[in-house]
Trainee: 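Let me give you the structure first, and then I'll get to my questions.
Quick note: residue numbers are just sequence positions, from 1.
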Amino acid sequence: MTFPLNRRDLLARGLGTAAALGLPALPSLAAAPLVINTYGGRWEKFWRTDLMPAFEKISGVKPTLDVGLGKNFIANLRAAGIEKPPYSVLMVNENIASVVRAEGYFEPIPPAKVPNLAHVYPNLRNPGDNGVRGIVSTIGIGYRKDLVKTPPKSWADLWNNPEFRGKIGLYQIGNTAAMLFLLMTAKIYGGSQDAIDRAFVEIKKLLPFQQADWSGTLSTMLTRGDVTVAVIDFPEIVALKKKGVPVEMVVPTEGVVAFEQSFNILKHAPDKEAAYQYLNFILRPEVQESMAKEFFTSPTNTQVKLEPALAADVPISGKAMSSIVQFDWAKVNPQLPAITDRWNREIK
């Protein structure tokens, strides 16, 4: 999943001064440069060519970019220690962020320093504002319109519709989406995210099914017709539709799950003031709307009102943001090794 932003469009919306942030500009070279982390590929390209220049122009802060994976960023944190973190603000998946949050690396975000925090949907603000979900890509059900007679309406239809037998696509357990699906299954059939045993019983009933390492692989499976229905993030389905593939997405009646990029302030950050400005920038309605236009992510700022055509491609926005089902990762994380091992042994 990637998030390009049209900087010219962004700046044209009146973001050309630090005053637009509601915060004073910082010097272009802080005593300790702001380090911004992101992922490789198109993420890195977007950060280098669009996001960072736009942020620098309106804030006066010239960031340094660190490119890698979530595990790299966490390894860097632990190697440096809580007292001397290499980052001031860190973006990682919320399930990963919850691990180091428990270790004491982060601190609450002060609303006065990040005014746009006040406009974030309540379910995307962590308790005590110790982290905020700044980028959200929802996950539901995608299916081939030409190959499915009875479209799914709920997660339960994966089990109840016999035409899906042997034609379901799911993620491998190494992908966060697989864990989200397992937890959702536990909640639906066992009444709580803790019903892991029941989730395994139910998921084994779906066998045989295809397993994919990431969303692009599931998209290929749908395009080829190897699977006719898949648990997949909605931006992938929209991308396929725009390529002419006869697919559609479904918001299950029980709710959706989501990839959530969590933004966190380091307790002993080398440049907190710049970090606050950067986080405030990410949460701006204009930035969130531009992400939705380019990559069909769900805006996290309540002030974003999508036009009807775009809202059709981003089905979870506005009031529908409350349909995102979230889980307590602090309870899940200690179980991950055992769950992963069990999945690899039993889900074949």
Side-chain angles (χ1 to χ4, degrees), residues 1-7 10 33-56 62-80 85-101 105-106 124 131-139 171-180 212-220 232-236 238-239 257-266 269 274-275 278-279 281-283 287-288 290-300 329 333 336:
M1 185 174 60
T2 49
F3 308 100
L5 176 65
N6 187 315
R7 178 164 54 95
L10 178 66
L34 175 68
V35 177
I36 291 175
N37 73 299
T38 191
Y39 311 114
R42 295 182 65 188
W43 284 64
E44 178 182 0
K45 180 179 179 182
F46 162 53
W47 251 255
R48 289 194 187 281
T49 63
D50 295 277
L51 188 56
M52 288 177 61
F55 172 66
E56 182 180 351
K62 185 177 179 63
T64 297
L65 191 65
D66 183 21
V67 178
L69 299 173
K71 62 181 181 180
N72 303 129
F73 305 138
I74 301 309
N76 291 343
L77 273 185
R78 287 172 171 161
Y87 313 106
S88 295
V89 58
L90 184 72
M91 174 188 75
V92 288
N93 286 320
E94 173 56 25
N95 57 312
I96 298 175
S98 68
V99 175
V100 290
R101 184 177 297 119
Y105 281 88
F106 305 145
L124 301 180
V132 60
R133 289 84 184 279
I135 303 174
V136 173
S137 181
T138 51
I139 302 167
Y171 292 90
Q172 295 173 357
I173 194 61
N175 190 302
T176 300
M179 187 62 63
L180 288 166
D213 51 355
W214 67 298
S215 302
T217 304
L218 278 175
S219 292
T220 299
I232 190 170
D233 56 301
F234 287 151
E236 287 291 331
V238 176
V257 292
F259 292 121
E260 298 174 301
Q261 290 298 319
S262 176
F263 288 75
N264 304 271
I265 300 296
L266 276 297
Y278 175 66
L279 180 53
F281 169 79
I282 289 292
L283 299 178
V287 174
Q288 292 289 318
S290 294
M291 289 178 180
K293 286 181 177 179
E294 295 292 338
F295 283 84
F296 315 112
T297 50
S298 298
T300 65
W329 289 107
N333 286 327
L336 286 179

Trainee: Quick one, L266 with F106, criterion side chain to side chain contact (heavy atoms under 4.5 Å, CB included). Give me CA distance, side-chain angles, the key distance, then yes/no.
Mentor: CA-CA 4 Å; L266 276 297; F106 305 145; 3.9 Å; yes
Trainee: Just checking, is any N or O donor in the side chain of S98 or N333 under 3.5 Å from an acceptor N or O on the other one?
Mentor: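 Short answer, yes.
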Trainee: So do F259 and N175 actually touch side chain to side chain, heavy atoms under 4.5 Å?
Mentor: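 A side-chain contact under 4.5 Å exists here.
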Trainee: Would you say the side chain of T64 lies within less than 4.5 Å of the side chain of P33, judging by non-hydrogen atoms?
Mentor: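 P33 vs T64: side chains touch.
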Trainee: Closest heavy-atom contact between N95 and V99?
Mentor: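 Minimum heavy-atom separation between N95 and V99: O-CG2, 3.7 Å.
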Trainee: Working to the nearest 0.5 Å, report the span between CG of L34 and CD of E56.
Mentor: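 One finds 11.0 Å between CG of L34 and CD of E56.
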Trainee: How about T38 and F46: do any of their side-chain heavy atoms sit closer than 4.5 Å?
Mentor: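 When only atoms from C-beta onward are counted, F46 and T38 do not touch, as no gap falls below 4.5 Å.
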Trainee: Below 4.5 Å, heavy atoms only, C-beta onward: do V67 and R48 meet side chain to side chain?
Mentor: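 Yes, at least one pair of side-chain atoms sits under 4.5 Å.
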Trainee: In the structure I gave you, are the side-chain heavy atoms of V100 and R78 within less than 4.5 Å of one another anywhere?
Mentor: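 When only atoms from C-beta onward are counted, R78 and V100 do touch, with a gap below 4.5 Å.
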Trainee: Look at the aromatic rings of W47 and W43 and report parallel, tilted or perpendicular, splitting at 30° and 60°.
Mentor: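 It falls in the parallel class, under 30°.
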Trainee: Run the numbers on I74 and L90 for side chain to side chain contact (heavy atoms under 4.5 Å, CB included), then give the verdict.
Mentor: CA-CA 9 Å; I74 301 309; L90 184 72; 4.2 Å; yes
Trainee: Does a side-chain heavy-atom distance below 4.5 Å link Q288 with K293?
Mentor: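 They are not in contact (no side-chain heavy atoms under 4.5 Å apart), so the answer is no.
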Trainee: Consider only side-chain N and O atoms of S262 and N264, and report whether a donor and an acceptor are under 3.5 Å apart.
Mentor: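 Yes, because at least one side-chain N or O of S262 sits under 3.5 Å from a partner of the opposite role on N264.
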Trainee: Whether the D233 and Y171 side chains hold a donor-acceptor pair (N or O, under 3.5 Å, no angle test) is what I'd like checked.
Mentor: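 Result is yes, a qualifying pair exists.
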Trainee: So, E236 versus S215: side-chain donor-acceptor pair below 3.5 Å or not?
Mentor: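 Not at all, the side chains of E236 and S215 share no donor-acceptor pair under 3.5 Å.
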Trainee: Do L65 and M52 have side-chain heavy atoms sitting under 4.5 Å apart?
Mentor: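 Heavy-atom side-chain distance check passes, below 4.5 Å.
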Trainee: About how many Å separate CD1 of I135 and OG1 of T297, when rounded to the nearest 0.5 Å?
Mentor: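 So the gap between those two atoms works out to 7.0 Å.
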Trainee: To the nearest 0.5 Å, tell me how far I232 CD1 sits from S219 OG.
Mentor: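 The distance works out to 4.0 Å.
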Trainee: Among side-chain atoms of Y87 and N37, is any donor-acceptor pair under 3.5 angstrom?
Mentor: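 No, no side-chain donor-acceptor contact under 3.5 Å.
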Trainee: Would you check, one step at a time, whether the test side chain to side chain donor-acceptor pair (under 3.5 Å) holds for Q261 with N93?
Mentor: CA-CA 5 Å; Q261 290 298 319; N93 286 320; 2.6 Å; yes
Trainee: Taking it one step at a time, do F263 and V92 satisfy side chain to side chain contact (heavy atoms under 4.5 Å, CB included)?
Mentor: CA-CA 7 Å; F263 288 75; V92 288; over 6 Å; no
Trainee: Decide side chain to side chain contact (heavy atoms under 4.5 Å, CB included) for V136 and L124; before the verdict, give the C-alpha distance in whole Å, the side-chain angles of both, and the deciding distance to 0.1 Å.
Mentor: CA-CA 9 Å; V136 173; L124 301 180; 4.2 Å; yes
Trainee: Rounded at 0.5 Å granularity, tell me how far OG in S298 sits from CZ in R133.
Mentor: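 Here the rounded value is 13.5 Å.
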Trainee: Could you tell me which non-hydrogen atom of Y39 sits nearest to which non-hydrogen atom of L69, and how far apart they are?
Mentor: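 For Y39 versus L69, the nearest heavy atoms are CD2-CA, 4.2 Å.
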Trainee: What are the two closest heavy atoms between A80 and P85, and how far apart are they?
Mentor: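 Result for this residue pair: CB-CA, 4.4 Å.
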Trainee: Centre-to-centre under 6.0 Å for F55 and Y278, is that the case here?
Mentor: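 Yes, the ring centres sit under 6.0 Å apart.
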Trainee: Looking at every heavy atom in both G134 and I282, which two are closest together, and how far apart are they?
Mentor: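 That closest heavy-atom pairing would be O-CG2, 4.4 Å.
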Trainee: What is the distance from atom OG1 of T300 to atom CD of E260, rounded to the nearest 0.5 Å?
Mentor: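 Separation between the atoms: 10.5 Å.
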Trainee: Could you state the interatomic distance from CD1 (I36) to CZ (F281), rounded to the nearest 0.5 Å?
Mentor: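 Output value for this atom pair is 8.5 Å.
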Trainee: State, yes or no, whether a side-chain contact exists between L77 and P86 at a heavy-atom distance under 4.5 Å.
Mentor: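 Counting from C-beta outward, L77 and P86 do come under 4.5 Å.
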